[in-house]
Number of protein chains: 2
Amino acid sequence: MKTDKLARLQAADWKVGNAEEFLQLSDEEARLVALKLSLISAVKKSRIKRKLSQIDLAQRMKSSQSRIAKIEAGDPSVSLDLIVRALIASGATTRDIQAAFTANERVAS
Amino acid sequence: MKTDKLARLQAADWKVGNAEEFLQLSDEEARLVALKLSLISAVKKSRIKRKLSQIDLAQRMKSSQSRIAKIEAGDPSVSLDLIVRALIASGATTRDIQAAFTANERVAS
DNA sequence: ACAGTATATGTCGGCATTGACATATTTGCA
DNA sequence: TGCAAATATGTCAATGCCGACATATACTGT
């Protein structure tokens with residue numbers, strides 16, 4: 001029956017679509033996570049390099065010590081925005097940020 | 001009087017400190033804004049290059065067409081997280097993302 | 001071992017960002 | 001021109017992320 005076949009095809013499409021979609025999504029998610037990890041690592045390196053305490057950095061970017069700790073601990077409540085702001089505030093050069101991305105590429109691919 | 005001098009010095013420090021702080025903050029803010037603009041531009045380029053409509057891209061990243069439009073319009077309600085997720089979902093390579101940062105460096109420095 | 005400093009962890013009220021939706025406007029093509 | 005697809009704009013309830021604070025734990029020199 002026409003409707004049956006259609007239903008089956010749609011179901012198949014739906015399954016495949018979802019599987020691909022799922023895989024793609026987890027890949028994208030993985031890339032984002034890897035990127036965040038690289039940037040987090042860069043934040044800590046940059047902060048230590050400039051001999052800033054977490055309190056120092058927090059003051060520079062008008063945040064709090066606990067937020068900095070959470071950034072460096074990879075706490076899920078920390079956004080990419082905050083990580084990058086910390087990176088900039090810590091005195092990281094644009095080259096440093098690029099380097100973080102490069103590191104990310106090596107890991108991710 | 002000792003306390004007067006101290007008070008004046010503190011006041012001066014406070015003023016200078018705030019001025020520097022303000023300048024530094026706006027510089028950091030400027031770098032972040034420039035970075036966002038570069039990434040936004042990269043999103044649109046990447047999406048067009050892959051011949052995706054805003055709806056297509058929205059579905060890929062489980063967002064909505066209006067969000068994509070807002071991303072590309074530089075709407076203030078859009079986070080860096082969302083921009084980068086769009087960039088990744090649009091099929092941009094890590095090299096593309098790096099390129100956006102490089103472009104940002106040229107503009108910012 | 002102790003004190004002082006740095007970092008980690010948990011919590012919370014409040015503001016920012018979200019996807020979804022409706023609708024307006026623009027674009028491109030027959 | 002006029003139609004259809006794409007994009008833009010405005011709004012809102014729900015969720016996410018924020019700084020701040022309290023407090024715990026880990027360092028570091030004495």
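Because only heavy atoms are used, hydrogens play no part in the values below, and waters and symmetry mates are left out as well, while side chains stay in.
Panel note: side chain S38(B), backbone A34(B); a donor-acceptor pair is recorded below 3.5 Å. For the pair R50(A) (side chain) and G91(A) (backbone), a donor-acceptor distance under 3.5 Å is present.
The CD-P distance, from Q54(A) to dA26(D), rounds to 15 Å in whole Å. As rounded to whole Å, 12 Å separates atom C1' of dC27(D) from atom CD1 of I48(A). As a whole-Å value, the separation of M61(B) CE from dG19(C) C1' is 11 Å. Between the P atom of dA5(D) and the CG atom of L52(B) lies a distance of 18 Å, rounded to the nearest Å. As a whole-Å value, the separation of D81(B) CG from dT17(C) P is 10 Å. One interatomic measurement links the two molecules: CD1 of I55(B) to P of dA5(D), which rounds to 10 Å at whole-angstrom precision. Put simply, CD on Q59(B) is 15 Å from C1' on dT7(D), counting in whole angstrom units. Atom CG in L57(A) sits roughly 13 Å away from atom P in dA8(C) (whole-Å rounding).
The nearest pair of heavy atoms linking Q54(A) to I68(A) is O-CG1, 3.6 Å. Between I83(A) and V43(A), the shortest heavy-atom contact is O-CG2, 3.6 Å. I71(A) and A86(A) make their closest contact through CD1-CB, 3.9 Å (heavy atoms, listed as atom of the first residue, atom of the second, distance). Counting all heavy atoms, side chain and backbone alike, S64(B) lies closest to A58(B) at C-CB, 3.4 Å. Closest of all the heavy-atom pairs between S90(A) and R47(A) is CB-N, 4.3 Å.
Under 4.0 angstrom from either OP1 or OP2 of dT17(C) there lies no side-chain N or O belonging to R85(B). In this structure, S79(B) does not reach the dT17(C) phosphate: none of its side-chain N or O atoms is under 4.0 Å from OP1 or OP2. Side-chain N/O atoms of S64(A) include none lying less than 4.0 angstrom from OP1 or OP2 on dC21(D).
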Check the interface with nucleotides 24-30 of chain C: list each N/O to N/O pair with the protein under 3.5 Å, or write none.
none

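Taken over five-pair windows at either terminus, the axes of the helix from dA1(C)-dT30(D) to dA30(C)-dT1(D) are inclined to one another by 60° (rounded to 10 degrees).
D81(A) and K36(B) are joined by a salt bridge, as a carboxylate oxygen and a charged side-chain nitrogen come within less than 4.0 angstrom of each other.
Here OG of S26(A) is found 8.0 Å from CD of E29(A). Values are rounded to the nearest 0.5 Å.
Using modelled atom types, one finds a donor on one side chain and an acceptor on the other under 3.5 Å when comparing T94(B) with R31(A).
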List the steps, then state whether side-chain contact (heavy atoms from CB on, under 4.5 Å) holds for L80(B) with V84(A).
CA-CA 9 Å; L80(B) 182 56; V84(A) 172; 3.6 Å; yes
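In the region residues 65-77 of chain B, proximity to DNA chain D at under 4.0 angstrom, judged on heavy atoms, holds for Q65(B), S66(B), A69(B), K70(B).
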